[in-house]
Amino acid sequence: MTASAPECVALAEGLREVRARTGLSLVALAERTAYSKSSWERYLNGKKPVPRQAVEALCATAGEPAGRLLALWELADAEWSGRARHSRPAVPPPPAPVSPPEATAGAAATAGAVATAANAATAATVATAGDVGVTGAPGRARPWRLLTVGVGAAAVAAVAVAVAPSVLGPGAGHPTSLASPVLDPAPGCRGKTCEGKDPGPMSCALPGRVESLGPQRRTRTGAGVEIRYSDVCAAAWGRIWHAKVGDAIEVSAPGSRPRRVAVRNTADTGAYRFTMMVGGADRTGLRLCFIPADGTGRECFDY
């Protein structure tokens, strides 16, 4: 592992920034994820390679998209594994076979898709990597600037792999259908088996697997509340933020036990707090109630 490589430094910086926005201590972060306090200390300080799932879990806890950090993780992982330090010897390309018209047209379509993706990936990388920002001495190149070409190349390779099979079939260039992607990591529960479980460790709250049901609500005291729902896990949970110490929310569904979470201390007031899950594929009948600390009466929202 080359922890001092610019790619690894940039990833550790990005992880620390996201963790800071959660407002969670290492102990609280360990409680909400499948990784221990000591593991998070090593990940955040670049002392140990970070599992991809840990990056996704941190972003899910913060309620942020994981795309930027996962792009950095791909490059850091190449350093940890040594792939980035070994270049393959050049091999002369084989003679181009004579292709039927269908295959020639398909190859041209693939090349066009890859070229378009290359331009888009390079532009997107410059826009997102610039937000990472690693502090350094004036005039010294920042690590994220060194990552732009690598992320763009990785995106092009991914598009080439995804597009080519759908354009050219084996042999005669007939279109083929792509297999459904396998979820990684696999959800830890579904439906009623999610009852009372934390959406983070169950991989139900990962980006792309969760959405807000209806608009975000604002209570009389100024707290924000909403119901989050995962189609992959067929389960829902409540979320609260900008609340006061002692405030609480409770989510309920027909046939399920209500699940509640309270804002316990000052650190919680600056972070999202989640209830445990209520399971069920039916989204109707869900209810979220806000219980203020001053006991002035609850506010409930039906979905």
Side-chain angles (χ1 to χ4, degrees), residues 17-34 40 56-66 188-189 194-254 256-280 282-303:
E17 289 173 3
V18 174
R19 179 250 173 167
R21 288 194 289 273
T22 68
L24 297 175
S25 65
L26 292 180
V27 173
L29 187 58
E31 291 175 351
R32 290 168 176 262
T33 64
W40 278 118
E56 293 174 331
L58 178 61
C59 291
T61 301
E64 299 184 9
C189 63
C194 290
E195 288 281 352
K197 295 180 179 178
D198 191 322
M202 292 294 103
S203 299
C204 298
L206 295 178
R209 299 186 182 184
V210 63
E211 61 180 311
S212 298
L213 284 189
Q216 295 180 340
R217 311 284 186 165
R218 185 68 62 179
T219 69
R220 290 191 300 267
T221 62
V225 299
E226 67 176 347
I227 285 183
R228 306 282 280 172
Y229 188 85
S230 171
D231 275 323
V232 170
C233 295
W237 59 95
R239 180 164 79 166
I240 182 172
W241 64 96
H242 293 165
K244 300 176 182 178
V245 175
D247 288 347
I249 55 170
E250 183 178 273
V251 64
S252 59
S256 296
R257 172 187 169 188
R259 303 293 172 178
R260 178 182 293 204
V261 68
V263 179
R264 302 166 300 182
N265 50 47
T266 303
D268 283 353
T269 63
Y272 288 113
R273 292 284 289 155
F274 302 85
T275 68
M276 297 295 105
M277 292 187 284
V278 292
D282 188 0
R283 301 185 182 199
T284 61
L286 290 169
R287 166 174 278 203
L288 181 67
C289 291
F290 169 73
I291 304 96
D294 58 14
T296 54
R298 64 171 56 197
E299 298 176 60
C300 294
F301 308 96
D302 294 319
Y303 293 80

Closest approach of [X] to [Y] (non-hydrogen atoms, all atoms of both residues):
X	Y	answer
Val225	Phe301	CG2-CE1, 3.8 Å
Leu213	Tyr303	O-CE2, 2.9 Å
Thr22	Ala62	CG2-CB, 3.4 Å
Thr61	Leu29	CG2-CD1, 4.4 Å
Gly279	Glu195	N-OE2, 3.2 Å
Cys189	Met277	SG-CE, 3.8 Å

Are the side chain of [X] and the backbone of [Y] linked by a donor-acceptor contact shorter than 3.5 Å?
X	Y	answer
Ser212	Gly214	no
Asp268	Arg264	yes
Ser230	Arg209	yes
Thr275	Gly238	yes
Asp198	Met276	no
Arg273	Ala262	yes

Does the side chain of [X] reach to within under 4.5 Å of the side chain of [Y], using non-hydrogen atoms?
X	Y	result
Val261	Phe274	no
Asp247	Ile291	no
Glu211	Arg228	no
Glu226	Trp241	yes

Straight-line distance of Leu288 CG to Asp302 CG, nearest 0.5 Å: 10.0 Å

Salt bridge between [X] and [Y], side-chain N to carboxylate O under 4.0 Å?
X	Y	answer
Glu299	Arg217	no
Arg19	Glu17	no
Asp231	Arg283	yes
Arg287	Glu250	no
Arg21	Glu64	yes

SG atoms of Cys204 and Cys233 less than 2.5 angstrom apart: yes

Over-ring placement of Arg239 relative to Trp237, 6.0 Å and 45° cut-offs: no

